[in-house]
Protein chains: 2
Amino acid sequence: MHIDPVNILKDHDLKHTKQRVRVLEEIALDTVAISQPELEKKLGKEIDRVTLYRILNTYEDKGILHRIMDMNGTANYAICSSSCTEHHHHDEHVHFNCSNCQKIYCLDVKIPSIKMPPGFTASSINTTAYGICEKCSAGMKAD
Amino acid sequence: MHIDPVNILKDHDLKHTKQRVRVLEEIALDTVAISQPELEKKLGKEIDRVTLYRILNTYEDKGILHRIMDMNGTANYAICSSSCTEHHHHDEHVHFNCSNCQKIYCLDVKIPSIKMPPGFTASSINTTAYGICEKCSAGMKAD
DNA sequence: ATAGTAAATGCAATTTTATTGCATTGGTAT
DNA sequence: ATACCAATGCAATAAAATTGCATTTACTAT
Ligand SMILES: [Mn+2]
Ligand SMILES: [Mn+2]
Ligand SMILES: [Zn+2]
Ligand SMILES: [Zn+2]
């Protein structure tokens with residue numbers, strides 16, 4: 001699945017700007033989520049800090065990106081599945097947050113359904129596993 | 001289950017100070033988790049902001065409190081189950097974050113085990129459901 | 001192509017949140 | 001009572017996020 005920033009913008013009625021394209025390009029580079037601070041480090045010379053905040057927010061609103069909070073309260077962003085719409089995200093997969101490299105993976109694992117206690121109505125659910133990722137456990141053997 | 005701040009401090013080899021007692025008292029008032037900003041609002045006159053940060057951190061380290069991050073990256077705190085130890089938390093219950101009142105509940109629901117993809121080793125897992133809580137759904141009927 | 005319009009951007013200022021260093025206070029053991 | 005060391009408060013700093021406004025830019029209509 002190739003990401004085409006220009007078409008994504010068209011599809012969501014967003015103006016085509018070089019800043020918006022750059023953000024999507026950067027996020028599409030890797031399959032793992034990227035944190036706001038990382039993005040800022042990478043794009044800080046090209047895009048103003050405030051603009052980056054605003055772009056990320058509109059992408060989230062539009063269902064282009066989904067935001068995953070890590071243990072430290074840092075926002076991480078990943079491309080949404082194609083079924084996400086402006087007002088309803090459908091990214092109910094499990095996330096994996098590596099305690100070594102800090103990366104957040106969108107796993108191809110569905111979140112099991114959970115029965116809520118009486119009176120509680122869940123409209124969405126979020127699960128994140130913490131541990132050692134694929135790459136880091138391979139790397140540690142080598143050390 | 002009554003909370004006795006003084007004994008909790010003794011049990012964890014922490015010095016008895018009025019600030020530490022106050023924090024535990026405040027958190028024990030309610031069964032739902034309380035956010036750092038709320039705590040600060042309630043205790044800000046009695047306890048210095050920095051001291052509050054430090055107390056919350058040591059309580060988390062010691063396994064007295066567990067920290068739940070909400071959607072906005074705000075830290076929320078709740079009393080840990082008795083089985084938590086200094087280096088290993090055992091609070092693997094589902095959390096419920098109300099989209100109306102923002103409260104975070106520790107539900108008496110265990111997190112279902114999830115099979116990780118090859119290479120990924122999970123050491124802990126975290127799930128939070130979002131929706132309308134007990135109290136808010138009762139209140140909304142009344143409106 | 002040109003001009004008009006509304007939206008997006010950048011910059012500066014502000015606010016909020018968190019961290020660090022250090023002098024003072026206060027709890028605990030002897 | 002004293003001494004010791006940890007915990008606190010305060011001030012300074014750093015980091016993260018938000019707001020307002022002037023300028024630029026993309027798109028639309030002509
Ligand atoms: Mn994801
Ligand atoms: Mn809990
Ligand atoms: Zn890793
Ligand atoms: Zn509620």
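Sequence lines set the chain letters: A, B, ... in the order given, protein chains first and strands last, and positions in each chain run from 1.
Listed for the T127(B) side chain is no donor-acceptor partner under 3.5 Å among the backbone atoms of V94(B). A donor-acceptor pair is defined here as one N or O able to donate and one able to accept, closer than 3.5 Å; such a pair exists between the side chain of R20(B) and the backbone of K15(B).
If you check residues 42-58 of chain B against DNA chain C, the residues with a heavy atom closer than 4.0 Å are R49(B), V50(B), Y53(B), R54(B), listed by number.
Taking atom CD on Q36(B) and atom C1' on dT19(C), their separation rounds to 13 Å, with Å as the unit. The distance from atom CZ of R20(B) to atom P of dG27(C) is 11 Å, rounded to the nearest whole Å. Across the protein-nucleic acid pair, Y59(B) atom OH and dA7(D) atom P stand 11 Å apart, rounded to whole Å. Distance, L39(A) CG to dA17(D) P: 12 Å, rounded to whole Å. When the P atom of dG9(D) is taken as reference, atom CZ of R22(B) falls 13 Å away, rounded to whole Å. Computed from coordinates, the K62(A) NZ to dA8(C) P distance equals 9 Å when rounded to whole Å.
Under the side-chain contact (heavy atoms from CB on, under 4.5 Å) criterion, L29(B) pairs with E26(B), not counting sequence neighbours. Applying the ring pair (Phe, Tyr, Trp, His ring centres under 6.0 Å) criterion to Y77(A), with sequence neighbours excluded, gives no partner residue.
Remark on DNA chain C: of its neighbouring residues A75(B) and L14(B), the 5'-side contact belongs to A75(B), judged by nearest-heavy-atom nucleotide.
Closest approach to the K15(A) side chain among dA7(D), dA8(C), dG9(D) is made by dA8(C) (side chain taken as heavy atoms from C-beta onward).
For the OP1/OP2 pair of dG26(C) and a distance below 4.0 Å, the side-chain nitrogens and oxygens of T17(B) include no atom meeting the criterion. Between dG26(C) and Q19(B), no contact under 4.0 Å exists linking OP1 or OP2 to a side-chain N or O.
Within 6.0 Å of CG in D108(A) there are 12 or fewer heavy atoms belonging to other residues, nucleotides or ligands.
E25(A) and R22(A) are joined by a salt bridge, as a carboxylate oxygen and a charged side-chain nitrogen come within less than 4.0 angstrom of each other.
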